[in-house]
Amino acid sequence: MLRIGSVVLGASDVRRAAAFWTAALGYVPREEPEDDWVVLVQPQGGGAQISLGRSETPVQERPRVHLDLYAGNAEDRAAEVERLVGLGARRVDWDDYPEDADFVVLADPEGNRFCVIDTGRG
């Protein structure tokens, strides 16, 4: 049976991306980061890894694959969004927000989009 080992994100500056994602998720590099590649893991092990590889392709306006980061409720989501923005993420002005959306779309310093989800709605 297969399992997800790593979600891979492209980055023009792998070290900058690694600094953001380690601060955002509390992950650590599995090995010493290189200029073109690093694998980030949970310090206690387990779970999916985040791999960052050098890429010169342009960031997609509407990526087909992205990360969903879960927060416990709307208050937690708001606090996490502000924390992530403080780390260098930016809010994405997205036309397709539904009424009373349970998610916020952000982009990391490399422009990779991800969502912060309020999972408290059930």
Return the [atom1] to [atom2] distance between [X] and [Y], rounded to the nearest 0.5 Å.
X: W94; Y: L106; atom1: CH2; atom2: CG; value: 12.5 Å
X: E61; Y: R113; atom1: CD; atom2: CZ; value: 4.5 Å
X: T119; Y: N73; atom1: OG1; atom2: CG; value: 7.5 Å
X: I117; Y: L69; atom1: CD1; atom2: CG; value: 8.0 Å
X: C115; Y: D102; atom1: SG; atom2: CG; value: 9.5 Å
X: L87; Y: E82; atom1: CG; atom2: CD; value: 11.5 Å

Exercise. S12 and E56: side-chain donor and acceptor closer than 3.5 Å?
Worked result: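 Per modelled atom types, S12 and E56 side chains form no pair under 3.5 Å.
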Q.
Please determine whether side-chain contact (heavy atoms from CB on, under 4.5 Å) holds for the pair R121 and D100, giving the CA-CA distance in whole Å, both sets of side-chain angles, and the decisive distance to 0.1 Å.
A. CA-CA 11 Å; R121 293 190 186 186; D100 195 32; 3.3 Å; yes
Is it true that [X] and [Y] fall in one hydrophobic cluster, defined by side-chain heavy atoms closer than 4.5 Å?
X: Y27; Y: V7; value: yes
X: V39; Y: W21; value: no
X: F103; Y: V92; value: yes
X: L40; Y: L25; value: yes
X: V41; Y: I50; value: no

Salt bridge or not for E80 and R77, using N-O below 4.0 Å?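 No, E80 and R77 are not salt-bridged.
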- Query: Salt bridge or not for R16 and D108, using N-O below 4.0 Å?
  - Reply: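 D108 and R16: not salt-bridged.
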Worked verdict on V8 versus W37 for side-chain contact (heavy atoms from CB on, under 4.5 Å) = CA-CA 10 Å; V8 181; W37 183 256; 4.1 Å; yes
Using every non-hydrogen atom in the two residues, find where [X] and [Y] come nearest and quote the distance to one decimal.
X: G88; Y: P109; answer: O-CG, 3.7 Å
X: G72; Y: D118; answer: O-OD1, 4.1 Å
X: L52; Y: A17; answer: CD1-C, 3.7 Å

Inset, instruction - Would you mind listing the cluster partners of V59? Hydrophobic ones only (ILVMFWY), side-chain contacts under 4.5 Å, chaining allowed. - result: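 Under the 4.5 Å side-chain rule, V59 groups with nothing.
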Say whether, by atom type as modelled, one donor and one acceptor occur between the side chain of [X] and the main chain of [Y] under 3.5 angstrom.
X: R83; Y: A24; answer: yes
X: Y97; Y: V104; answer: no
X: S55; Y: T57; answer: yes

Just wondering, are more than 12 heavy atoms of other shown residues or ligands nearer than 6.0 Å to CG in D68?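 It does: D68 CG has more than 12 such atoms within range.
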E75 atom CD, over 12 foreign heavy atoms within 6.0 Å =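 It does not: E75 CD has 12 such atoms or fewer within range.
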Taking the side chain as every heavy atom from C-beta outward, state whether V38 and E32 have any pair of such atoms under 4.5 Å apart.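 No; the side chains remain at least 4.5 Å from each other.
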Intermediate values then yes/no, side-chain contact (heavy atoms from CB on, under 4.5 Å), L9 and L67
CA-CA 10 Å; L9 300 176; L67 299 177; 4.3 Å; yes
**Asked** What residues form a side chain to side chain contact (heavy atoms under 4.5 Å, CB included) with R15, not counting sequence neighbours?
**Response**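 By the side chain to side chain contact (heavy atoms under 4.5 Å, CB included) rule, R15 matches D13, P33, D35.
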Margin query: If you apply the rule side-chain contact (heavy atoms from CB on, under 4.5 Å), what do you find for T22 with V28, and how did you get there?
Written below: CA-CA 6 Å; T22 57; V28 297; 5.8 Å; no
Check your understanding: Can you say whether the rings of F114 and F20 are parallel (under 30°), tilted (30 to 60°) or perpendicular (over 60°)?
Key ->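 Rings of F114 and F20: tilted, as their planes differ by 30° to 60°.
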